[in-house]
Enquirer: 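Would you mind keeping the following structure in view while I ask a few things?
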Amino acid sequence: MPDHCQNAAGPVVAAPVDDSPVFTCKMCGQCCKGEGGIVVSPSDLLRITHALSLSAEEFIARYGEYRLGKLQIRTGADGACIFFKEGEGCTVHAGKPDVCRAWPFFRGNIVDPDSLAMAKEYCPGIDPDCTHEAFAREGRKYLEKHHLLAHDKDSEGFAVILDD
């Protein structure tokens, strides 16, 4: 397990990581909507179960589902992550998965200008004037700084795997 996921007291909570010159989260919840994609890696599972005071089995039974062999967080009837509440934001912020912490610095937005252009249309936190080159540069720096790059295609979100 990576060092940033655990210390002597247990799993480290997910600190706010809103320090990018090309993105400032507006807590609108747009990135929390849509079925699938919120992959829970093994280190995420440890952090989120610690934050919720649940066992892994309890978390999976209540909130998880397996898609394409990966554990993911279910969505509610409204199509949003079950942990997103309108007006409150993420109700498990301290334990949320790395893929959530990484938004909008996803593979597609970093490698494809058209993907970034679409993301700018619905995410008010992305600087509408930033170039794709600047976004990609800042995105890679952000992911590296906060240890959010994933490498295990079998158990982590493809959105934050940039090394293939």
Enquirer: Answer yes if W103 and I38 sit in the same cluster of Ile, Leu, Val, Met, Phe, Trp and Tyr residues linked by side chain heavy atoms under 4.5 Å apart, and no otherwise.
Expert: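 The answer is yes; both residues are in one hydrophobic cluster.
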Enquirer: Measuring from L46:CG to I48:CD1, what's the distance to the nearest 0.5 Å?
Expert: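 The CD1 atom of I48 is 11.0 Å from CG of L46, to the nearest 0.5 Å.
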Enquirer: To check you understand the geometry: which heavy-atom pair defines the closest contact between F105 and G139, and what is its length?
Expert: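 Heavy atoms only, the tightest pair is CD2-CA, 3.1 Å.
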Enquirer: Which pair of heavy atoms, one from Q72 and one from R67, lies closest together, and at what distance?
Expert: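 It is OE1-NH1, 3.5 Å.
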Enquirer: Can you tell me how far apart SG (C32) and CD1 (I82) are? Round to the nearest 0.5 Å.
Expert: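 The CD1 atom of I82 is 12.0 Å from SG of C32, to the nearest 0.5 Å.
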Enquirer: Of all heavy-atom pairs between T49 and S55, which one has the smallest distance, and what is that distance?
Expert: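 Looks like CG2-O, 3.8 Å.
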Enquirer: Does M118 reach the side chain of K120, with side-chain heavy atoms less than 4.5 Å apart?
Expert: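 With C-beta onward as the side chain, the pair stays apart.
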Enquirer: Can you name the residues that form a side-chain hydrogen bond (donor to acceptor under 3.5 Å, both in side chains) with E88, not counting sequence neighbours?
Expert: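 Checked E88 against side-chain hydrogen bond (donor to acceptor under 3.5 Å, both in side chains); zero matches.
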Enquirer: Quick one: NE2 on H147 to OG on S43, what's the gap to the nearest 0.5 Å?
Expert: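 H147 NE2 to S43 OG: 12.0 Å, rounded to 0.5 Å.
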Enquirer: Sequence neighbours excluded, which residues qualify as ring pair (Phe, Tyr, Trp, His ring centres under 6.0 Å) partners of Y63?
Expert: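 Applying ring pair (Phe, Tyr, Trp, His ring centres under 6.0 Å) to Y63 gives F59, F83.
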Enquirer: Name the atoms and distances for all side-chain donor-acceptor pairs under 3.5 Å in residues 124-136, with sequence neighbours left out.
Expert:
from : atom 1 : to   : atom 2 : distance (Å)
D127 : OD1    : D129 : N      : 2.8
T131 : OG1    : A134 : N      : 3.0
H132 : NE2    : N109 : O      : 3.1
H132 : NE2    : I110 : O      : 3.1

Enquirer: Got a donor-acceptor contact below 3.5 angstrom from the R47 side chain to the K96 backbone?
Expert: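 Side chain of R47 to backbone of K96: a pair is present.
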Enquirer: Test your reading of the model: is there a side-chain donor-acceptor pair from S115 to the backbone of D112, 3.5 Å cut-off?
Expert: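 No: the side chain of S115 does not pair with the backbone of D112.
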Enquirer: If only side-chain N and O atoms count, and only distance matters, is there a donor-acceptor pair under 3.5 Å linking S41 with D44?
Expert: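 Indeed, the side chains of D44 and S41 share at least one donor-acceptor pair under 3.5 Å.
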Enquirer: Hey, any chance V39 and L68 share a hydrophobic cluster, counting ILVMFWY side chains that come within less than 4.5 Å of each other, even indirectly?
Expert: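 Cluster IDs for V39 and L68 differ.
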Enquirer: Report the distance from atom CZ of R74 to atom SG of C81, rounding to the nearest 0.5 Å.
Expert: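 The distance works out to 11.5 Å.
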Enquirer: State plainly whether one hydrophobic cluster holds both V99 and Y122, where clusters connect Ile, Leu, Val, Met, Phe, Trp and Tyr through side-chain heavy atoms under 4.5 angstrom apart.
Expert: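 Same cluster.
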Enquirer: Report yes or no: do F84 and V40 belong to one cluster of Ile/Leu/Val/Met/Phe/Trp/Tyr joined by side chain heavy-atom distances under 4.5 Å?
Expert: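 Each belongs to a different hydrophobic cluster.
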Enquirer: What is the distance from atom CG of L143 to atom CG of L149, rounded to the nearest 0.5 Å?
Expert: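 Atom-to-atom, L143:CG and L149:CG are 5.0 Å apart.
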Enquirer: Distance check, rounded to the nearest 0.5 Å: L54 atom CG versus H50 atom NE2?
Expert: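 These two atoms lie 12.0 Å from each other.
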Enquirer: Salt bridge between E138 and R140, side-chain N to carboxylate O under 4.0 Å?
Expert: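 Result for this pair is no, no salt bridge flagged.
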